[in-house]
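Source: prediction; values computed, not measured.
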Amino acid sequence: MSVPVVAIIGAGYAGLACGVELARAGVHVTVFERSHTLGGRARVVHKDHHWRVDNGQHILLGAYSELTRLLRLTGVSPKQLAHLPLTLHVPGRLHLKAAALPAPLHLAVGLLRASGLSWKDRLAMLRLMRWLARRGYRLPDAGMTVSQLLAETRQTPALDALIWEPLCVAALNTPAAAASAQVFANVLRDSLGAGAAASELLLPRTDLSELFPVPAARYLATRRGKLRTGNAIEAIQPVAGGFRLEGDPGSQPWPQVVVATAPYHAAPLLASTGACERLAAQIDALEHEPIVSVYLALGKGQRLPEPMIGLVSGTPEDPAQWAFDRGQLGGPEGLLACVISAHGPHEALARDDLILAVHAQLERQLGRRLPAPEWSQVIVEKRATIACTPGIFRPGIRTPLPGLWLAGDYLDSDYPATLESAVRSGVACATAILAELGRGG
């Protein structure tokens with residue numbers, strides 16, 4: 001009983017990152033997860049008992065140091081991530097690939113070699129990056145939107161349509177007119193503004209549950225950790241000695257509890273304590289943006305020109321912004337994942353109409369006929385991420401109750417709500433708990 005114990009609610013990337021760090025320090029962890037699938041909002045979905053697809057496509061950057069460290073720690077093979085030079089390819093419109101050189105040469109040489117950009121476009125792109133670098137990537141106005149940043153640095157219509165607006169919606173899951181320019185600047189700092197290795201695209205070759213959550217669960221199991229799937233926690237009650245969890249089959253109170261759920265589940269759990277109403281209301285007030293993934297299984301012989309391509313979008317006829325060739329990333333040949341981030345006109349389409357629209361969009365923008373899908377799947381995450389707007393409230397890891405902690409991608413971070421933000425919050429939470437327990441950082 002002398003070994004400290006911690007309860008973690010939620011087996012997504014944040015909760016499992018926290019659990020792994022605590023277990024590494026000898027703390028016994030129990031993770032409660034209402035689902036039977038690990039990963040939270042980054043998880044595998046089974047299609048007709050034959051196919052496994054992700055509930056959404058995630059892109060990692062080489063700069064995502066905490067997630068890649070945790071993958072190494074839990075024994076994940078480096079081959080599970082495809083390392084690609086930062087490449088922006090829009091069929092027939094744009095091809096820009098960063099060179100394998102230190103910053104800023106990797107971008108400058110990439111721009112020199114790029115096709116589809118005029119000299120005016122290239123100079124405008126360098127102007128924006130220099131403008132940010134001169135300011136240390138700290139914007140003078142915290143309320144600035146990405147659209148205002150683009151106007152301030154005199155970006156061209158071609159750059160806005162082919163590079164900046166698609167990158168913004170991909171990274172922040174928020175349209176440029178509403179998105180935080182400061183968070184976008186942080187992303188650019190660690191991608192276009194960083195060296196070739198930091199700006200690499202890391203695309204998972206396996207599903208998102210297998211990438212980190214399953215290895216993390218194995219890691220916990222070898223260090224006397226427990227994982228209780230299919231076990232929902234409905235409320236948290238402060239008691240003498242810590243907290244009692246409604247839904248926990250055990251009777252002992254937990255001295256330390258981490259709420260590592262999605263924000264819309266965290267708010268009612270915090271409210272149930274009777275001592276965190278203001279924090280719960282602030283989290284409950286966060287706005288969310290959706291992500292729609294359209295999977296098209298086009299069969300053998302079908303492949304995209306790059307593992308990831310950009311698509312010209314913005315209308316119901318052209319809804320998708322990016323397409324990923326899962327066949328080039330370790331999946332079945334001909335399986336394409338098309339991504340639609342944030343709110344938009346596509347939300348008015350029925351699922352079958354959306355599938356037809358994305359299929360027709362691919363045909364138009366690839367310039368060739370495609371076979372009818374052998375199967376298709378539409379996955380809608382209505383509250384995939386928080387809306388990353390200027391001045392948004394993002395809480396820290398501490399709550400008003402000592403011993404009750406928060407972890408999640410929506411917490412205060414340089415980054416938008418990404419897998420890296422999730423694991424960084426989990427690691428920060430574990431570090432603070434270990435300090436409380438007198439076990440160092």
Has R383 got its NZ or CZ under 6.0 Å from the middle of the six-membered ring of Y264, at an angle within 45 degrees of the ring axis?
yes
Looking at Y219, is R223 sitting on its ring face, NZ or CZ under 6.0 Å from the six-membered ring centre and within 45 degrees of the normal?
yes
Measure the shortest side-chain to side-chain distance between [X] and [Y] over non-hydrogen atoms and say whether it is less than 4.5 angstrom.
X    : Y    : value
H288 : T385 : no
H95  : E306 : yes
L70  : F212 : yes
K226 : V29  : no
L162 : P166 : no
L128 : W164 : yes
V339 : I291 : yes

Looking at [X] and [Y], does any basic side-chain N land under 4.0 Å from a carboxylate oxygen?
X    : Y    : result
R43  : E381 : yes
K300 : E374 : no
D414 : R424 : no

Could you check whether any side-chain N or O of [X] sits under 3.5 Å from a backbone N or O of [Y], counting only pairs where one atom can act as donor and the other as acceptor?
X    : Y    : value
T261 : A266 : yes
Q328 : D325 : no
E246 : Q237 : no
T87  : P85  : yes
S341 : N173 : no
S376 : P373 : no
Q57  : A337 : no
E234 : G247 : no
T174 : L172 : yes
Q321 : L311 : no

CZ/R364: more than 12 non-hydrogen atoms of other groups inside 6.0 Å
yes
Inspect the surroundings of CD in E436 and state if more than 12 heavy atoms from other residues, nucleotides or ligands are less than 6.0 Å away.
yes
Which is it for R228 and D248 under the salt bridge (charged side-chain N to carboxylate O under 4.0 Å, His left out) test, yes or no, and what are the steps along the way?
CA-CA 9 Å; R228 302 187 64 90; D248 174 13; 5.3 Å; no
Let's go through D409 and S421 carefully: what are the C-alpha distance in whole Å and the side-chain angles of both, what is the deciding distance for side-chain hydrogen bond (donor to acceptor under 3.5 Å, both in side chains) to 0.1 Å, and is it a yes or a no?
CA-CA 5 Å; D409 62 4; S421 296; over 6 Å; no
Partner residues of A170 under the side-chain contact (heavy atoms from CB on, under 4.5 Å) criterion, sequence neighbours left out:
W322
Y415: which of F184, Y64, Y410 passes ring pair (Phe, Tyr, Trp, His ring centres under 6.0 Å):
Y64
Does one side chain, of R244 or Q252, offer a donor that lies under 3.5 Å from an acceptor on the other?
no
Is the closest side-chain donor-acceptor distance between H83 and E200 under 3.5 Å?
yes
Pair L401, L270 - check side chain to side chain contact (heavy atoms under 4.5 Å, CB included), show working.
CA-CA 10 Å; L401 285 170; L270 289 169; over 6 Å; no
Run through T30, V6, I8 and flag the one making a side-chain contact (heavy atoms from CB on, under 4.5 Å) with W254.
T30
Walk me through it: do R369 and E363 pass the test salt bridge (charged side-chain N to carboxylate O under 4.0 Å, His left out)?
CA-CA 5 Å; R369 292 297 300 273; E363 287 190 324; 3.4 Å; yes
What closest approach, in Å, do A82 and L329 show between heavy atoms, and which atom pair accounts for it?
CB-CD2, 3.8 Å
